[in-house]
Participant: 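Structure below; questions to follow.
Positions are given from 1, in the same order as the sequence printed here. Side-chain atoms are counted along with the backbone in the values below, which use heavy atoms only and exclude waters and symmetry mates.
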Amino acid sequence: MKTISTAIFVVLLLAGSALAQNPPNAYPVMQMPSATKPNAEKHGEAVSEQHHGMEDMEMRTPESTASHVAAVQEPENSSRRTGSNTPVPDLLQEAQHLPPKHLADFEALALKHNPTLKQAQSMTETDGGLARQAGLWPNPAVGYQGDEIRGGVFRGGEQGGFVQQNIVLGGKLRLRRNVYEQQRKADQIAVEEQKLDVRGAVEMYFYSALALLRKIALQRELLGIAMDAATTAHQLANVGQADAPDVLQAEAEAEIAKLEFVRAQRNYIQSYQQLAAIAGDPQMPLSVLDGDLENPPLIDPEKYLQDLVANSPTLKRAQQEANRAEAALARDKHESIPDLFLRGGLQQDLELNEFSGSPVGVIGFATAGIQIPLFNRNQGNVQASRANLENAQQEVERVKLQMLQTAQPLLQRYLTSRLEAERYSKEIIPRAQRAYELYLLKYSNMAAAYPAVLVSQRTLFQVKEAYIRTLGEIWSTSVQLQNYFLTDGLSAPTPSGSMSTQINLPTSATGGP
């Protein structure tokens, strides 16, 4: 094989290696260098540091890159051809014509349409109804009463009516109502907790999709480079400067680039549809996103831990659950106080008066009674309520420790990612950028081999990919921290306490639960 063919094969092999070793989530990259138009300054001036935003990621169609290569694949055997050249689809072509969507758009939709927020709100309405029902007085009773109806030998009989009312003593109605009032407060905290959960989920999926959009821009550039390399290989083969293995290798790398480009688009579509589902509008048309990936929020670790303990809705809810358990214990202690029942009425006494010989007539009667708490003093329920209170108090401590435990790895990961992003931005990327430009300058002056240019370009791709990946990690950890680890969005909220509605029924004989 000719010496120049061997050199071309090495060049193409290195180019393919550069493409294969660079994951799709790198920074928007450079075009394939030109020997006559170097990007570096010829006198070695400092290169200004540039961090491109969304405006630098031009969403072009693959038509701007080579889509077809020459027909000749094996100069030694022109009748033999391996594989075919299938064009790569641009799945975001229609989405690029729609207005870009921002984070605030999805948050507004989620707060309006996410079903979990309505579920959380319905729990507080349920608690309000239970509290109202628990405090209602028992209904009075009216009825008929008869005695000695046939009269016997006295031709008598007593018939009439009565009214009965149970009087709930010991403030039990107020204490029963208070249990559900405390439960409603816990579920009101759950509403705020669910709002944070939904917002956190929206932010997580939004910035995940935004990073995937960057991957698409990178894959588009890499696809153009791979297709240009395949075309160049065919051109060299036509003039006898490349052999069939060189062409096949270049075409294989181009096909891999096509697959990675489609994969990046599919991943973005999936993440976008998940974001739309969190927002409550799964039929939302596909569009591109507009956001700031390179300026994540700043978090002070020491102040954050104090804020976590003071303002976490999960911890606040656990504390309110303890208040509810305390109210239940106070209620159960008073349940042993018996209720008073009163009964009175009038009846017609038809028994003959032994002196007058006439019926006695209308007489009145009254009854009052109260149960004696001799055997059942509600002692079992009191014991259970004390255990529930102890459990709820320990749950507060458990939740607090668990949240502090969860915060530590996230904080350390956040701090590490911020340091990495700063070093990439200020130290590593400028050096890799300058090295690439200097190699390109030397190549244009025929002072360096082109493989050295490819290696420096590959290094630049790698560090920019790592920079973008690090930014994604910062956003992921900061969103979790700022939302107190609430980043689900579609899990149903858990109601506080007991949601049973079978309390203080209107037909209760004693007015109790």
Side-chain angles (χ1 to χ4, degrees), residues 110-111 114-128 130-131 178-204 278 297 299-332 383-415 476-500:
L111 293 178
N114 189 286
T116 64
L117 297 177
K118 298 178 181 179
Q119 287 179 309
Q121 187 62 42
S122 68
M123 292 190 314
T124 64
E125 297 175 1
T126 300
D127 295 332
L130 293 175
N178 184 54
V179 173
Y180 292 100
E181 291 289 351
Q182 299 300 322
Q183 182 169 306
R184 179 166 61 177
K185 291 180 180 179
D187 285 334
Q188 286 173 342
I189 297 175
V191 173
E192 299 304 318
E193 185 181 27
Q194 196 65 28
K195 287 181 180 179
L196 276 180
D197 202 23
V198 171
R199 285 197 180 100
V202 168
E203 291 179 4
M204 286 282 287
I278 293 292
I299 296 177
D300 187 331
E302 295 183 0
K303 293 182 179 179
Y304 173 78
L305 293 177
Q306 298 175 359
D307 175 72
L308 177 65
V309 174
N311 298 317
S312 167
T314 304
L315 185 56
K316 287 182 178 180
R317 189 180 184 191
Q319 292 170 340
Q320 184 57 38
E321 290 283 3
N323 294 339
R324 180 197 178 278
E326 188 174 1
L329 176 60
R331 173 202 62 191
D332 291 340
Q383 179 182 353
S385 292
R386 283 200 179 98
N388 288 336
L389 176 58
E390 176 66 20
N391 180 71
Q393 290 172 342
Q394 294 303 317
E395 178 68 7
V396 174
E397 293 301 316
R398 188 197 68 83
V399 171
K400 179 180 178 181
L401 294 176
Q402 184 184 49
M403 298 195 74
L404 292 174
Q405 180 192 39
T406 305
Q408 285 302 326
L410 287 175
L411 283 172
Q412 297 306 318
R413 193 186 312 164
Y414 169 82
L415 295 174
S476 176
T477 54
S478 61
V479 167
Q480 294 180 68
L481 290 169
Q482 289 185 324
N483 288 276
Y484 306 109
F485 324 130
L486 299 171
T487 55
D488 190 317
L490 285 179
S491 292
T494 304
S496 170
S498 173
M499 296 301 292
S500 172

Participant: For a quick test of reading the model, state the closest non-hydrogen atom pair linking Ser312 to Met403 and the distance between them.
Facilitator: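 For Ser312 versus Met403, the nearest heavy atoms are OG-CE, 2.9 Å.
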Participant: Does atom CD of Gln383 have more than 12 heavy-atom neighbours, drawn from other residues, nucleotides or ligands, at distances under 6.0 Å?
Facilitator: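 Result for CD/Gln383: open.
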Participant: Considering all heavy atoms of both residues, which atom of Ser496 and which atom of Ala186 are nearest to each other, and what is their separation?
Facilitator: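 Looking at all heavy atoms of both residues, the closest pair is OG-CB, 3.5 Å.
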Participant: So do the side chains of Asn311 and Tyr484 get within less than 4.5 Å of each other, counting heavy atoms only?
Facilitator: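 In contact.
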Participant: How long is the straight-line distance from NZ of Lys195 back to CG of Asn483, given to the nearest 0.5 Å?
Facilitator: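 Asn483 CG to Lys195 NZ: 14.0 Å, rounded to 0.5 Å.
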Participant: Rounded to the nearest 0.5 Å, what separates atom CG in Leu315 from atom CD in Glu193?
Facilitator: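 Leu315 atom CG to Glu193 atom CD measures 10.5 Å (nearest 0.5 Å).
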Participant: Taking the side chain as every heavy atom from C-beta outward, state whether Glu321 and Arg324 have any atom pair closer than 4.5 Å.
Facilitator: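 In short, these two side chains touch, coming nearer than 4.5 Å.
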Participant: Where does the angle between the aromatic ring planes of Phe485 and Tyr304 fall among parallel (under 30°), tilted (30 to 60°) and perpendicular (over 60°)?
Facilitator: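 Answer is perpendicular, since the angle exceeds 60°.
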Participant: Which distance, rounded to the nearest 0.5 Å, do you find between the CD of Glu125 and the CG of Leu130?
Facilitator: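 Reported value, rounded in 0.5 Å steps: 12.0 Å.
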Participant: Please name the residue in the list Gln183, Gln182, Lys185 that meets the side-chain hydrogen bond (donor to acceptor under 3.5 Å, both in side chains) test with Asp127.
Facilitator: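 Single pass found, and it is Gln183.
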Participant: Side chain of Asn114, backbone of Ile278: donor and acceptor closer than 3.5 Å?
Facilitator: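 Checking the backbone N and O of Ile278 against the side chain of Asn114, a donor-acceptor pair under 3.5 Å is found.
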Participant: Could you walk me through whether Gln393 and Glu397 pass side-chain hydrogen bond (donor to acceptor under 3.5 Å, both in side chains), step by step?
Facilitator: CA-CA 7 Å; Gln393 290 172 342; Glu397 293 301 316; over 6 Å; no
Participant: At their closest point, which heavy atom of Pro313 faces which heavy atom of Leu196, and how far apart are they?
Facilitator: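 Heavy-atom minimum between the residues: CG-CD1, 3.7 Å.
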Participant: So how far is it from Leu305 CG to Leu411 CG, rounded to the nearest 0.5 Å?
Facilitator: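 Going from the CG atom of Leu305 to the CG atom of Leu411 covers 5.5 Å.
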Participant: Between the side chains of Arg398 and Glu395, is the shortest nitrogen-to-carboxylate-oxygen separation below 4.0 Å, so that they form an ion pair?
Facilitator: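 Yes, charged N to carboxylate O under 4.0 Å.
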Participant: Assess the residue pair Arg199 and Leu111 against the criterion (side chain to side chain contact (heavy atoms under 4.5 Å, CB included)); give the C-alpha distance rounded to whole Å, side-chain angles, the decisive distance to 0.1 Å, and a yes or no.
Facilitator: CA-CA 8 Å; Arg199 285 197 180 100; Leu111 293 178; 3.4 Å; yes
Participant: Grab the two heavy atoms, one from Glu181 and one from Ala131, that are nearest each other, plus how far apart they are.
Facilitator: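 Here Glu181 and Ala131 meet closest at OE2-CB, 3.7 Å.
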Participant: Considering non-hydrogen atoms only, spot the tightest contact between Thr487 and Asp197 and give its length.
Facilitator: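 Heavy atoms of Thr487 and Asp197 come nearest at N-OD1, 3.0 Å.
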Participant: Please examine the side chains of Leu117 and Gln121, heavy atoms only from C-beta on, and report whether any two atoms are closer than 4.5 Å.
Facilitator: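 Sidechains of Leu117 and Gln121: no contact.
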Participant: For Thr124 versus Gln188, what's the shortest heavy-atom pair and its separation?
Facilitator: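 Scanning both residues, the minimum pair turns out to be CG2-N, 3.6 Å.
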Participant: Taking atom CD1 of Ile189 and atom CG of Asp187, what is their separation to the nearest 0.5 Å?
Facilitator: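 So the gap between those two atoms works out to 9.0 Å.
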Participant: Mind checking the OG-CE spacing from Ser478 to Met204? Nearest 0.5 Å is all I need.
Facilitator: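 Here the rounded value is 9.0 Å.
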Participant: Using modelled atom types and a 3.5 Å cut-off, is there a donor and acceptor pairing between side-chain atoms of Tyr414 and backbone atoms of Ile299?
Facilitator: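 At least one qualifying donor-acceptor pair exists.
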Participant: Using side chain to side chain contact (heavy atoms under 4.5 Å, CB included), reason through Val309 and Leu404 one step at a time and then give a plain yes or no.
Facilitator: CA-CA 8 Å; Val309 174; Leu404 292 174; 4.0 Å; yes
